[in-house]
Student: 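Mind looking over this structure? Questions follow.
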Amino acid sequence: MQNLRFDNSFVRQLPADPESGRHPRQVQGALYSRVDPTPVSAPRLVAHSREVAALLGIAEASVASPAFAQVFGGNVLLDGMQSYAANYGGHQFGHWAGQLGDGRAITLGETINAAGQRWELQLKGAGPTPYSRRADGRAVLRSSVREFLCSEAMFHLGVPTTRALSLVTTGDRVMRDMFYDGNPQAEPGAIVCRVAPSFIRFGNFELPAVRGDVALLKRLVDFTIQRDFSELLTGDYNDADEALRAEWFAQVCERTARMVAHWMRVGFVHGVMNTDNMSILGLTIDYGPYGWIDNFDFDWTPNTTDAQGRRYRFGQQPEIAYWNLTRFANALVPLFTSLEPLHAGLQRYADVYDASERNNFAAKLGLAECSDEDAESMRSLYTLLQAAEADMTLFFRALSGLDMHAPTLAPFNHVFYDEAKREQNEPGLHAWVVRYAARVRRDGLPPAERRAHMRAVNPRYVLRNYLAQQAIDRAEQGDDAGIHELLDVLRRPFDDQPGRQQFAQRRPEWARNRAGCSMLSCSS
Ligand code: AMP
Ligand code: MG
């Protein structure tokens, strides 16, 4: 670990809060506050990602050393680390929420790995910051297990995401009222070390814009382009270049479109798509009350806080991402002489989303290309899956096994949740597979190739909500093995893993309405 090199460009190049200390405050004219993690009593490493450790150049022997848990539990800073909490705002559930900031996330520094890549290391749950408002700056084990596992699961599924290096329990208890019903409980505390090239969010730009601090906004935009979008820079770079800013905005739109299209491919529902949870790099960020689709349902939201309006339901994610980009565009208005480039960027979102969705449809169905008719067919399939309460992951995995010369519903026997709904929709589904098989026969991809394509985009294993909850239940009893095994399964989500059928099953009935399995609270 001592070999980690740091180059802390964010704190070096951007203005800091002149005040020190952790007391809650409004921070004007600055993009971050310097703050150290608050020490914990007994940091213990529960799990780590060996891929992320390797990426950072941290040897497995270092991971196993007591010093590792001290650093990634927030008790010790390494030479070169300069810890801070970022200042940002955001639109929450459609409304401007003012200053938010890193209330419990603390960046330790930006490390440069052997390949020259920049990786920001950030502890989540490391104690109070000036942005904690009345909260404690901590995180509980259950939400930390979920963030740790899902970050890595998403990466292995090919979805753009922040990564997770480590999961450390603190030895301290944290009080949480999980159901917001006046019954707070003491829960084990934990800290995840998140890793990404940048944790800048739309909300980092919105806050100075709303405050009318155009100079600060411009500094952050210039910094972000130079550090995180350097591929856009040409030799004669000048920071008044509106065309460059326009292309940067369009790139953010493109990346956001690709990210959301991936979510729709794998059945991921973020649950809190507030603009403070939207990464400028188009990475999935801030794993809170997210969930995975079991029975296909565009209307499902995992977040109990969202149960009324269902703003963040599965099927609405593409529209919400667009809306969030309009908020981001709005923040950038002062940096443009006309609105035209911002409109063009938003149009790029729509175009790239459509193209990505088509690619995903083609890949999921094993077709060389997706015509208008194929897209229609996919939409009608989704309607059928929803009406029939069919499991999304199991259905698409089984689809590659359909006999294209004698299609029946036999391969799908195990995918339904409700007998009556299944029977009701069998004729529709049967007609669909017959049409689909004919379409596949016309397409002419060699069958083995088609199956391989389909199996590379339709996972066998996803982080089903109840699987995460089972691992959490065990971890809360002091047994970490469930986390390790789940992490290992999710490292190869597209491979059939013998002996691990229990990770590729329908959600059991007991989990249908259980907290943590179908309903997730924001309390974390
Ligand atoms: P989230 O919805 O998790 O993205 O959080 C929204 C805002 O609340 C962010 O500014 C977080 O830093 C802050 N926050 C959430 N939980 C805590 C906590 N336990 N302590 C301090 N701040 C928190
Ligand atoms: Mg957040």
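On a predicted model such as this, the values are computed, not experimentally measured, just so you know. In what follows, every heavy atom counts, from backbone to side chain, and hydrogens, waters and symmetry copies are set aside. Numbering of ligands and ligand atoms starts at 1, following listing order.
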Student: Can you list the atoms of ligand 1 that are under 4.0 Å from a heavy atom of Arg176?
Tutor: 19 (N)
Student: Ring centroid separation for Phe93 and Trp323, is it under 6.0 angstrom?
Tutor: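 No, the ring centres sit 6.0 Å or more apart.
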Student: Measure from the ring center of Tyr322 to the ring center of Tyr349 and say whether it is less than 6.0 Å.
Tutor: yes
Student: Please check whether Asp102 reaches ligand 1 - meaning an N/O of the residue sits under 3.5 Å from an N/O of the ligand, judged on distance alone.
Tutor: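 No, there is no polar N/O contact under 3.5 Å.
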Student: Does any N/O atom on Gln92 come nearer than 3.5 Å to any N/O atom on ligand 1?
Tutor: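 It does not: no N or O of Gln92 is found under 3.5 Å from an N or O of ligand 1.
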Student: Measure the spacing between CZ of Arg163 and CD of Glu152 and express it to the nearest 0.5 Å.
Tutor: 4.0 Å
Student: Could you check Arg5, Arg227, Arg12 and say which one makes a salt bridge (Lys or Arg N to Asp or Glu O under 4.0 Å) with Glu110?
Tutor: Arg227
Student: Inspect the contact between Arg211 and Glu206 and indicate whether a charged nitrogen and a carboxylate oxygen are less than 4.0 angstrom apart.
Tutor: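 Judged by the 4.0 Å cut-off on N to carboxylate O distance, Glu206 and Arg211 do not form a salt bridge.
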Student: Does any N/O atom on Asn277 come nearer than 3.5 Å to any N/O atom on ligand 1?
Tutor: yes
Student: Got the closest protein heavy atom to atom 18 (C) of ligand 1, with its distance?
Tutor: Ala135 CB, 3.5 Å
Student: Decide, counting backbone as well as side-chain atoms, whether Asp276 has an N, O or S atom less than 2.8 Å from the Mg ion (ligand 2).
Tutor: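 No - counting backbone and side chain alike, Asp276 has no N, O or S atom under 2.8 Å.
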Student: With a 4.0 Å cut-off, strictly under, does atom 5 (O) of ligand 1 pick up any protein heavy atom?
Tutor: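 For atom 5 (O) of ligand 1 the answer is no, since every protein heavy atom stays at 4.0 Å or beyond.
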Student: So, 2.8 Å as the limit: is an N/O/S atom of Asn274 located closer than that to the Mg ion (ligand 2)?
Tutor: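 No N, O or S atom of Asn274 is closer than 2.8 Å to the Mg ion (ligand 2), so no.
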Student: If we set the cut-off at 4.0 Å for heavy atoms, which region of Asp136 has an atom near ligand 1: side chain, backbone, both, or neither?
Tutor: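 It is both parts that get close, each with some atom under 4.0 Å.
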Student: State, without any angle test, whether Asn8 and Tyr84 hold a side-chain donor-acceptor pair at a distance under 3.5 Å.
Tutor: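 Checked: Asn8/Tyr84 side chains show no N/O donor-acceptor pair below 3.5 Å.
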Student: Evaluate Gly137 for polar contact with ligand 1, using N/O atom pairs at a separation under 3.5 Å.
Tutor: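 In this structure, Gly137 places an N or O atom under 3.5 Å from an N or O of ligand 1.
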Student: Apply the side-chain contact (heavy atoms from CB on, under 4.5 Å) test between Leu167 and each candidate in Leu45, Leu149, Val192; give the one that qualifies.
Tutor: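 Output: one option passes, namely Val192.
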Student: Looking at ligand 1, does Gly288 have a heavy atom less than 4.0 Å from it?
Tutor: no
Student: Could you grab the distance from atom OH of Tyr287 to atom SG of Cys150, nearest 0.5 Å is fine?
Tutor: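 Nearest 0.5 Å value for the OH-SG distance: 5.0 Å.
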Student: What about Gly103: any of its N or O atoms under 3.5 Å from an N or O on ligand 1?
Tutor: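 By distance alone, the answer is yes.
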Student: Under 3.5 Å, is there a donor-acceptor pair linking the side chains of Asp473 and Gln469?
Tutor: yes
Student: Indicate, as side chain, backbone, both or neither, the part of Arg133 found under 4.0 angstrom from ligand 1 when only non-hydrogen atoms are considered.
Tutor: side chain
Student: Among all protein heavy atoms, pick out the one at the shortest distance from atom 16 (N) of ligand 1; state its residue, atom name and that distance to 0.1 Å.
Tutor: Arg104 NE, 3.3 Å
Student: Is ligand 1 under 4.0 Å from a heavy atom in the side chain of Lys124, in the backbone, in both, or in neither?
Tutor: neither
Student: Taking heavy atoms and a distance under 4.0 Å, where does Asp286 meet ligand 1: side chain, backbone, both or neither?
Tutor: side chain
Student: Less than 3.5 Å apart, any donor N or O on the side chain of Gln226 or Asp222 sitting next to an acceptor on the other?
Tutor: no
Student: Among all protein heavy atoms, pick out the one at the shortest distance from atom 10 (O) of ligand 1; state its residue, atom name and that distance to 0.1 Å.
Tutor: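 Answer for atom 10 (O) of ligand 1: Gly101 O, 2.6 Å.
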Student: Which atom name would you report as the N, O or S atom of Asp286 nearest the Mg ion (ligand 2)?
Tutor: OD2
Student: Quick one: pull up CG in Leu108 and OG in Ser83 and give me the separation to the nearest 0.5 Å.
Tutor: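 It comes to 6.5 Å.
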